[in-house]
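One-based numbering, in listed order, for ligands and for the atoms of each. The structure displayed is predicted, hence computed values, not measured ones.
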Amino acid sequence: MSATRGSAAEVLAPDPPDPTWLRRTLIARQPLARHNPRAIRLVRAPGRVNLIGEHTDYNEGFVLPAAINLELRIAWVPADDRRVEIELAESGERGGFALDAIGPRTGSWVDYVAGTAWALQEAGVPTRGFRGLLASTLPTSAGLSSSAALELASAWALTEPPGGGLDGMTLARICQRAENAYVGVNCGLMDQAAEALGRAACAMLLDCRTLAWRSVPLPLDRYRLVVCDTGSPRRLGASQYNARRAQCETAVAVLAAADPTIRALRDVTPEMLATLRGRLDEETYRRCEHVVREDARVLETVTALEAGDLATVARCFAESHASLRDLYEVSSLELDAMVEIAEATPGVIAARMTGAGFGGSVVALVERGAEERLRTAILAQYPPRTGLRPRVFAVEVVDGAGLVPGA
Ligand code: GLA
């Protein structure tokens, strides 16, 4: 089948939206930009994959995400009328709001911009109106955190100087607040932190309790990260996600009654959990077991990456996926099928679901030169198993959000 053959270039993530094109299009569509082209700015915000450490961030544990070159970009010109107006380059759809009268969420993509404006103001950061154009190669609903990318890009465009002179962690926390309190998803800090602070060619080991972090170089001279989007809609994603988080909080309350040193699942070792088993119902126990063991796997993966021990990385990925499937119960038939196909492809070192689950993407660590083989295997085997159209991207690991210089 020729559709499954393709050229090596087809597997590479598309180039991010071109700065010159964005600038020209903004000038063509926005009179304010036409009148003051020198005031035009451009911000880029990457997506992310999480290598390991799933559903650990809101349990004050460890995560190991990386920012990737599937990117969202906003070209904008500041406006003095306290209004924000954005157009989506692809569809021409427009959205906007008044900075001094931000209403409740509406269920559209504009919520992420309005929520960020609201969270900036709540944090005492002055906001400014703008006219903007948004273009993106970062798929939505693919578990690659396009929402955090939109929040971060908005935070840059809404402030003067862009980014408000705030450090990346502060911006990330403001964006998380937007998502928690305005959009209504009770997410942890991982996505915003990775997309704000990520470093090229490195994963980010983040301690979600202390917010201390460091870069972990990835062996990208010999291997690549490949993102495999299942193309399956995230059924009930937000409510299931919030439900998992609530279960963890209930478990902590029960465990803390037995051991007051426990403030989060981060404080629980597998041995402690086994001792306290009788206090939790079976399902809650399974959820806790995932979190507690996943935290240990993050640290094991970092040590293994630093030692070049990819067999251990592969084992940690496989254990993580199985645990998310069987204990935390956030995988799906599609994610499981994708992981199975990837694991059976020669040259694939490790594969697991990435992000919240309930659909979304798989991340694979693949030998350079085997990316196309993986794509071919997925295009041939995945649609007949699921009836869905997958997308496969070999991605670069890039820096976190920031202005595109010279644009
Ligand atoms: C989503 C959330 C993150 C994290 C992951 C699961 O991506 O936004 O905070 O909880 O799910 O690891």
Side-chain angles (χ1 to χ4, degrees), residues 45-68 70 111-112 115-116 119 138-152 169 172-198 203-209 211 213 227 229-230 234-249 264-266 287 290-295 297-298 301 316-317 320-321 323-325 327-332 335 352-363:
R48 67 99 189 86
V49 284
N50 186 21
L51 296 187
I52 195 160
E54 224 63 87
H55 293 277
T56 47
D57 60 353
Y58 53 81
N59 288 303
E60 300 189 15
F62 299 99
V63 291
L64 190 67
I68 57 174
L70 291 166
D111 287 349
Y112 297 99
T116 303
L138 176 58
T140 54
S141 299
L144 303 174
S145 217
S146 58
S147 54
L150 180 50
E151 289 154 7
L152 278 167
M169 192 58 88
R173 293 180 76 181
I174 289 171
C175 292
Q176 181 200 14
R177 173 98 181 116
E179 184 120 5
N180 290 170
Y182 188 89
V183 178
V185 178
N186 213 3
C187 66
L189 186 58
M190 171 173 75
D191 303 346
Q192 289 81 4
E195 294 181 2
L197 292 160
M204 175 193 202
L205 172 62
L206 172 65
D207 178 336
C208 298
R209 167 166 279 170
L211 304 190
W213 65 277
V227 172
D229 172 15
T230 59
R234 285 185 300 165
R235 290 168 293 262
L236 298 173
S239 59
Q240 290 281 6
Y241 181 93
N242 288 348
R244 290 297 182 287
R245 183 166 182 167
Q247 268 183 317
C248 292
E249 282 161 10
L265 289 181
R266 157 71 173 272
R287 306 290 189 251
H290 164 74
V291 173
V292 165
R293 293 190 186 277
E294 183 81 351
D295 264 337
R297 279 191 287 268
V298 175
T301 301
C316 288
F317 271 43
S320 171
H321 186 83
S323 174
L324 288 157
R325 182 188 62 212
L327 301 178
Y328 218 66
E329 295 179 280
V330 293
S331 189
S332 63
L335 286 164
R352 57 178 289 279
M353 60 157 272
T354 187
F358 317 107
S361 294
V362 160
V363 60

Taking 4.0 angstrom as the limit, do [X] and [Y] come out as a salt bridge?
X      : Y      : value
Glu249 : Arg245 : yes
Glu60  : Arg209 : yes
Glu329 : Arg287 : yes

Indicate yes or no: at least one non-hydrogen side-chain atom of Glu294 is less than 4.5 angstrom from one of Asn59.
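Sidechains of Asn59 and Glu294: no contact.
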Can you tell me if CZ on Arg173 sees more than 12 non-hydrogen neighbours from other groups inside 6.0 Å?
no
Considering the heavy atoms of [X], write down every atom of ligand 1 situated less than 4.0 Å from one of them.
X      : answer
Met190 : 4 (C), 5 (C), 12 (O)
Cys187 : 2 (C), 8 (O), 9 (O)
Tyr58  : 10 (O)

Among all protein non-hydrogen atoms, which one is nearest to [atom], and what is the separation to 0.1 Å?
atom                    : result
atom 9 (O) of ligand 1  : Asp57 OD2, 2.5 Å
atom 8 (O) of ligand 1  : Asp191 OD2, 2.7 Å
atom 10 (O) of ligand 1 : Tyr241 OH, 2.6 Å

Ignoring hydrogens and angles, tell me if any N or O in the side chain of Thr301 forms a donor-acceptor pair with the backbone of Arg297 under 3.5 Å.
yes
Look only at the side chain of Asn50 and the backbone of Ala66, and say whether a donor-acceptor pair between them is shorter than 3.5 Å.
no
Examine ligand 1 and decide if any of its atoms is less than 4.0 Å from a heavy atom belonging to Arg48.
yes
Polar contacts were defined as any N/O atom of the residue lying under 3.5 Å from an N/O atom of the ligand; does this apply to [X] and ligand 1?
X      : value
Thr56  : no
Gly188 : yes
His55  : yes

